[in-house]
Amino acid sequence: MASSPGHPAPPEDPAHPPHPPHPPDERTAPDDGRPLVLDRRTGPFGEVVLRRHGELLQIIANGCFLMDTSDGRSERLLVRSALGALAARAPRLLIGGLGVGFSLAEAAAEPRWGRITVLEREPAIIEWHRSGPLSDISGAALSDPRVELVENDLLAHLREAETRARYDALCLDIDNGPDWTVTEDNESLYSPTGLAACRAALAPGGALVVWSAQPSATFPDMLRDAGFDRVRTEEVPVVRGVPDVLFLASHHLASRSA
């Protein structure tokens, strides 16, 4: 027991030893500049944590920072870029990865989208959006009748037979990009097999847009090898570090077979 200046600590009673100090509760820790943990879960793919750091909400997966609510420009541009590449009326959109909800909010705010399907495999993240702190970003979008939120792994969903040619746009924000994955099983999305599944899920004339936390020298060629065309990259400046990157590609089956 600590004593204040000029007041010695009372002697210990051997019959009543002092209680060991309680560990600090990380959910109610005082604001001393450290991130405040709001929730911590062990999910099907490891640990996920929701933190508050000042005004920001952050998602941490397996000890690696994934995203926060600081900006969202590149996540919103992910959806806008896809729509700009499409000629279809009321196009059908699949968003892979709910994240902090910026992409979903952007899509729901645009009346030109038709059906909007969001794939998220972490049940904790879904709960944080439905009834937790992230509902401030996505609450209105989730109540949009066009929006369907599906708890499933993206590749598992794409490999289902009924997804063939089902979507006009795939907007994928899975992990930190093709060259930086937090969980090993996410690497398969960026493999030839995973990209083939993406192409099969797109209707002719459809668009694929992939978000990444850093550039990749090899991924554009992998997209071309998988049968996509009009492949290009777009860099989005961030406050610190390397820019976010969007990889854009089209599925023009008719033009390739002509």
Side-chain angles (χ1 to χ4, degrees), residues 35 38-39 48-61 64-86 91-144 146-151 154 167 169-178 180 182 186 189 207-214 233-248:
L38 303 178
D39 197 5
V48 288
V49 177
L50 180 65
R51 304 192 311 198
R52 186 182 299 278
H53 196 181
E55 298 292 325
L56 305 180
L57 294 170
Q58 304 171 330
I59 296 179
I60 314 297
C64 182
F65 176 87
L66 277 187
M67 63 199 71
D68 64 20
T69 55
S70 61
D71 191 347
R73 281 180 297 169
S74 59
E75 291 89 343
R76 296 178 187 276
L77 185 58
L78 178 79
V79 174
R80 292 199 300 270
S81 297
L83 185 60
L86 297 175
R92 303 157 296 174
L93 169 64
L94 173 67
I95 298 175
L98 179 55
V100 297
F102 286 135
S103 297
L104 170 58
E106 176 70 26
E110 174 51 69
R112 286 180 290 171
W113 286 113
R115 189 71 175 165
I116 302 169
T117 303
V118 185
L119 265 290
E120 175 55 58
R121 68 180 189 174
E122 289 287 355
I125 293 179
I126 293 175
E127 186 175 330
W128 296 336
H129 279 274
R130 282 181 168 156
S131 58
L134 292 173
S135 62
D136 290 343
I137 296 175
S138 58
L142 289 176
S143 63
D144 190 307
R146 297 172 297 166
V147 172
E148 176 190 22
L149 179 55
V150 178
E151 181 185 330
L154 176 64
Y167 301 103
L170 302 183
C171 291
L172 307 186
D173 185 357
I174 301 295
D175 222 303
N176 281 325
W180 182 11
V182 176
N186 279 341
L189 172 64
L208 170 69
V209 189
V210 179
W211 185 94
S212 177
Q214 62 183 17
T233 62
E234 183 170 347
E235 295 189 352
V236 184
V238 298
V239 175
R240 292 185 300 272
V242 298
D244 293 341
V245 176
L246 301 180
F247 299 97
L248 301 95

| message | Are the side chains of E75 and D173 in contact, using a 4.5 Å heavy-atom criterion? | response | yes
| Do L119 and I174 touch side chain to side chain, with heavy atoms closer than 4.5 Å? | no
| Test side-chain hydrogen bond (donor to acceptor under 3.5 Å, both in side chains) applied to Q58 - qualifying residues, sequence neighbours left out | R51
| query | Quick one: are L104 and I116 in side-chain contact, heavy atoms under 4.5 Å? | reply | yes
| request: State, yes or no, whether a side-chain contact exists between W211 and S103 at a heavy-atom distance under 4.5 Å. | output: no
| message | Counting C-beta onward and ignoring hydrogens, is there a side-chain heavy-atom pair between Y167 and T117 closer than 4.5 Å? | response | yes
| said: Enumerate the salt bridge (charged side-chain N to carboxylate O under 4.0 Å, His left out) contacts for residues 122-141, please, sequence neighbours excluded, ordered by first and then second residue. | reply: R41-E127
| task | Kindly write out the residues that satisfy salt bridge (charged side-chain N to carboxylate O under 4.0 Å, His left out) with R52, not counting sequence neighbours, or none if the list is empty. | result | none
| query | Can any side-chain N or O of R146 pair as donor or acceptor with the backbone N or O of W113 at less than 3.5 Å? | reply | yes
| Is there a side-chain contact between L172 and L208, using heavy atoms and a 4.5 Å cut-off? | yes
| Would you say L50 and I59 make side-chain contact, with heavy atoms under 4.5 Å? | yes
| Minimum side-chain heavy-atom gap L78-L246 below 4.5 Å | yes
| field | side-chain contact (heavy atoms from CB on, under 4.5 Å) involving E151 - partner list, sequence neighbours excluded | value | P123, I126
| request: May I ask you to decide if L98's main-chain N or O and E120's side chain share a donor-acceptor pair within less than 3.5 Å? | output: yes
| field | Partner set under side-chain hydrogen bond (donor to acceptor under 3.5 Å, both in side chains) for R115, not counting sequence neighbours | value | none
| request: List for me each residue that meets salt bridge (charged side-chain N to carboxylate O under 4.0 Å, His left out) alongside E110, sequence neighbours excluded, and say none if there are none. | output: R112
